[in-house]
Amino acid sequence: MSSDTFTPGIAPGRLTPESYEAHFADLHPALEPHEALVAADRCYFCHDAPCITACPTEIDIPLFIRQIATGTPDAAAKTILSQNIMGGMCARVCPTEELCEQACVREIAEGKPVLIGQLQRYATDHLQEQGLHPFERAAATGRSIAVVGAGPAGLSCAHRLAMLGHEVVVFDARAKAGGLNEYGIATYKTVDGFAQAEVDWLLKIGGIRIEYGKALGRDLTLDALRKDHDAVFLGLGLGGVNALAAPGADKEGVRDAVGFIADLRQAEDLSQIPVGRDVVVIGGGMTAVDAAVQAKLLGALNVALVYRRGRDRMNASVYEQDLAASKGVRIITHAVPTEIIGNGAVREIVFDYVDDTMQPTGQSLRLAADQVFCAIGQTLEGATLPDLDGRKIKVTGTGRTSVTGVWAGGDCAAGGDDLTVTAVAEGRDAALDIHAQLMRNA
Amino acid sequence: MADLRSEFIGIKSPNPFWLASAPPTDKEYNVRRAFDAGWGGVVWKTLGLDPHVVNVNGARYGAVYGADRRLLGLNNIELITDRPLQTNLDEIKVVKRDYPDRAMIVSLMVPCEEEPWKFILPLVEDTGADGVELNFGCPHGMSERGMGSAVGQVPEYIEMVTRWVKANTRMPVIVKLTPNITDIRKPAEAAMKGGADAVSLINTINSITSVDLDLFAPEPTIDGKGAHGGYCGPAVKPIALNMVAEIARDPTLGQIPISGIGGITTWRDTAEFMALGAGNVQVCTAAMTYGFKIVQEMISGLSDYMDSKGIASVDEIVGRAVPNVTDWQYLNLNYVAKAKINQDLCISCGRCFAACEDTSHQAISMSSDRVFEVIDAECVACNLCVNVCPVENCITMEAMTPDEVDPRTGQRVEAEYANWTTHPNNPAAKAAE
Ligand SMILES: Cc1cc2nc3c(=O)[nH]c(=O)nc-3n(C[C@H](O)[C@H](O)[C@H](O)COP(=O)(O)OP(=O)(O)OC[C@H]3O[C@@H](n4cnc5c(N)ncnc54)[C@H](O)[C@@H]3O)c2cc1C
Ligand SMILES: Cc1cc2nc3c(=O)[nH]c(=O)nc-3n(C[C@H](O)[C@H](O)[C@H](O)COP(=O)(O)O)c2cc1C
Ligand code: SF4
Ligand code: SF4
Ligand code: SF4
């Protein structure tokens, strides 16, 4: 293939094999043992530590860091995983700059937090690379629970239920487990097939069966699941995407960012993934940043991320915005798409500039574009779900829905940020509540 | 998870981690929270006769720091309990009742006469406590009143008081030793002769942590003056380890059980004390620095270590290193090692070079592009470079194999063991022939 970054249109193979490899390597390479000890040494072992409160899964961070410092990374891993069974993935994908590390007293004192995320990865990798699974199942309860969705919420719920002695059947519409860990997270955050390795490791607990290609609403009904099982957990995520309303959104070359990222994540060979020369991404969240950055890394010449409000309103953290900028993504704010121009395929996209109150300023902007990615939000899909709260399933603090015996958590449930770590926390807490409920009735 | 249950002179606790007699154990509120955090036992803050003592109202502590203000050594001028005896006894009784599986030891210090001991021991027995510890260690304040280290520095007094105590109670008796003495075996021997069930060591070491250079007064300073205090924390661990080993390896001390104290902060410190003969450990400064929660790391770490070594019970660790503690004269002079620098780990700081070049044997070379290498022909294997290197395991000591030629001496490395007692340079070696 003879295309390069200057080739017009949407083309695969813009880079040399070495460049693909370098571009999609680990964003934060794993800490070496010496680095881990130096990083761990900085933790003050704070009392009632603010970092713990800032972690949605409330990992005992000072304890696990001390366990690393005293040469017992496997004990550290156990501390992490007993709160957050996907501690390995969270260590890679959590926006720590807005969670644990933002709250770290050394961030406040010196602007340099303890590297909590990277230390968490150091410990969990250490344990998981030996194939060790540190948890055992309690005596069988004879209860069976159906979990719909094998994403972080569903798997976290399933693991905790299995640990408590229940039998779990997980149904997922897709061919692989992991949810967005497998299909969504940016490639450079989870290299070397980590998502599947983590799922395999998690399943070592036993008592969890996954049925692939089974979709609620298509192959399964909630009523049937309730009949066949003692409880149901819904961890469906957000399967749908918001479509762009601007005229011309149906032109060739316009697609949703989540689908593009899923293709990228599933690609055997990144040089097969076509990407535009002039790419425009519309949106301001993590998905927009990931699509923009990865388009750039695939060899696009110009990538613009266009958001309708100011930078401070972007869902993507400042760290993510800076990451995009450092990779050469141009961030444009206060611009709303009004028209997509092109004869069959997109050629240009027109925006109106707006002020902070979203009122047009009378100015506009035209950008050359041969590929447009929409990342303007995902939506919950599916009929006959429990009652909604806005556009997501209404739940109590422990994930109970309006339907008796049905719990929900993760992105599909109302409340909480749409983050991997939040999904894990909600799945775990629902499992504990399901267990309490089933055992009370026992 | 390994079985951490411990039995020390018949006193059971769920793990070998006790809190030493000190502020962490000075009242019911603390001890309950310590037990809830996971501590296996406590030695209650030393009790005395009423009227109770009065502490200073100024700074009680001084500190020595490492990098990043890590507390390495703490010095204190606190006395024994400053609360009424009955208050303490009442609290001990309810806590022991509520935590029957934890070890409850009561530390005592009363004047050096038999009557006060006869008075206080039944009161302690009545609390249901598991044993007593005799505080012969406190090096400040109490010693000026003829108690604490003033007793602990005179073996005859130790023996006498221990005998009185044994005669007046059925409880097991631990004698706590002061390190402010030249030969720790003497007070241990006295305790043994007096009938002690165990010794515990070390109490704090006489110290002045620093001097205020504006006031020209030692710290901690109280109204312009300072007194020496008792030093403890990580800095004293090496001194304590040696004293524990001295007692453990002395055949005349009849393997008296030892409760190890001094700078214990992590699971590893614990395992080291136990390997050198301590049956369990006591902790003070680490809890005072980091809070009671620190015991969680000790528990998980010791358990992991035991699992990794296939050790089933803590008793299997006790004394395992004692046979390997010897005197200098018995070290193998035919053992030859060389330092080796792992170039992949080396960060080129040059500290090993500075140390060896300026103060050791000029056995490390430095290239213009900062590559540091050991010159085998000069290296005497002193280990200094290993000690100053900031990267763990970057410099290691590699033993030479017999029949290799040591490039420093030009001599073959001998396979046979030979020590100073047989060395030709030792005048005594010839005399013995
Ligand atoms: C591009 C992108 C990047 C992201 N990056 C980050 C990041 O860096 N850090 C971070 O913390 N979060 C990130 N997130 C958010 C994070 O991925 C989600 O919050 C998290 O995956 C939610 O977990 P979940 O289990 O609720 O849902 P999902 O991960 O979406 O899993 C839902 C599962 O349910 C299955 N399913 C859906 N419908 C049905 C049905 N009807 N029947 C059966 N199965 C069904 C799906 O196949 C899927 O396996 C990102 C999201 C996206 C889209
Ligand atoms: C503030 C303070 C008060 C102490 N009071 C007592 C005491 O009342 N009785 C006693 O036997 N030891 C007392 N000690 C000594 C400790 O019990 C312990 O032997 C010593 O601190 C060494 O252990 P460490 O390095 O873990 O602190 C005290 C120590 C400190 C720091
Ligand atoms: S799970 Fe995420 S937020 Fe929690 S401690 Fe780990 S990296 Fe931080
Ligand atoms: S806030 Fe920072 S320093 Fe304090 S315990 Fe947490 S990671 Fe350690
Ligand atoms: S062991 Fe001693 S003599 Fe040898 S290189 Fe190191 S510092 Fe120098």
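In what follows, chains carry the letters A, B, and so on, assigned in the order in which the sequence lines appear, proteins first and then strands, with residues in each chain numbered from 1. Predicted, not measured: the structure shown is a model, and the values here were computed from it.
For the pair Asp304(B)/Asp74(A), a side-chain contact is recorded, criterion being any heavy-atom separation below 4.5 Å from C-beta on. Residues Phe45(A) and Thr289(B) are not in side-chain contact: their nearest non-hydrogen atoms beyond the backbone lie 4.5 Å or more apart. You'll find the side chain of Asp68(B) reaches within 4.5 Å of the side chain of Arg106(A), heavy atoms only.
When each of Met298(B), Glu297(B), Lys293(B) is tested with Arg66(A) by the rule side chain to side chain contact (heavy atoms under 4.5 Å, CB included), just one qualifies, namely Glu297(B).
Ile294(B) touches chain A through backbone and side chain together, each having a heavy atom under 4.5 Å away. Heavy atoms of Arg70(B) lying under 4.5 Å from chain A belong exclusively to its side chain. Residue Pro62(A) touches chain B through its side chain alone, counting heavy-atom pairs closer than 4.5 Å. Thr265(B) touches chain A through backbone and side chain together, each having a heavy atom under 4.5 Å away.
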Do Gln296(B) and Asp60(A) pass the side chain to side chain contact (heavy atoms under 4.5 Å, CB included) test, and can you show the C-alpha distance, the side-chain angles, and the key distance before you say yes or no? CA-CA 11 Å; Gln296(B) 290 181 21; Asp60(A) 192 338; 4.0 Å; yes

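With a 6.0 Å radius and a threshold of 12 heavy atoms from other residues, nucleotides or ligands, Glu136(A) has its CD atom at or below the threshold. Atom NZ of Lys204(A) has more than 12 heavy atoms from other residues, nucleotides or ligands within 6.0 Å. When the shell of 6.0 Å around NZ of Lys189(A) is examined, it contains more than 12 heavy atoms from other residues, nucleotides or ligands. Annotation for Glu316(B): atom CD counts as buried by contact number, over 12 foreign heavy atoms lying within 6.0 Å. Other residues, nucleotides and ligands contribute more than 12 heavy atoms inside 6.0 Å of the CD atom of Glu398(B).
Going from atom OG of Ser300(B) over to atom NZ of Lys78(A) covers 9.0 Å, rounded to the nearest 0.5 Å.
For the pair Trp267(B) and Thr70(A), the tightest heavy-atom approach, listed with the atom from each and the gap, is NE1-O, 2.9 Å.
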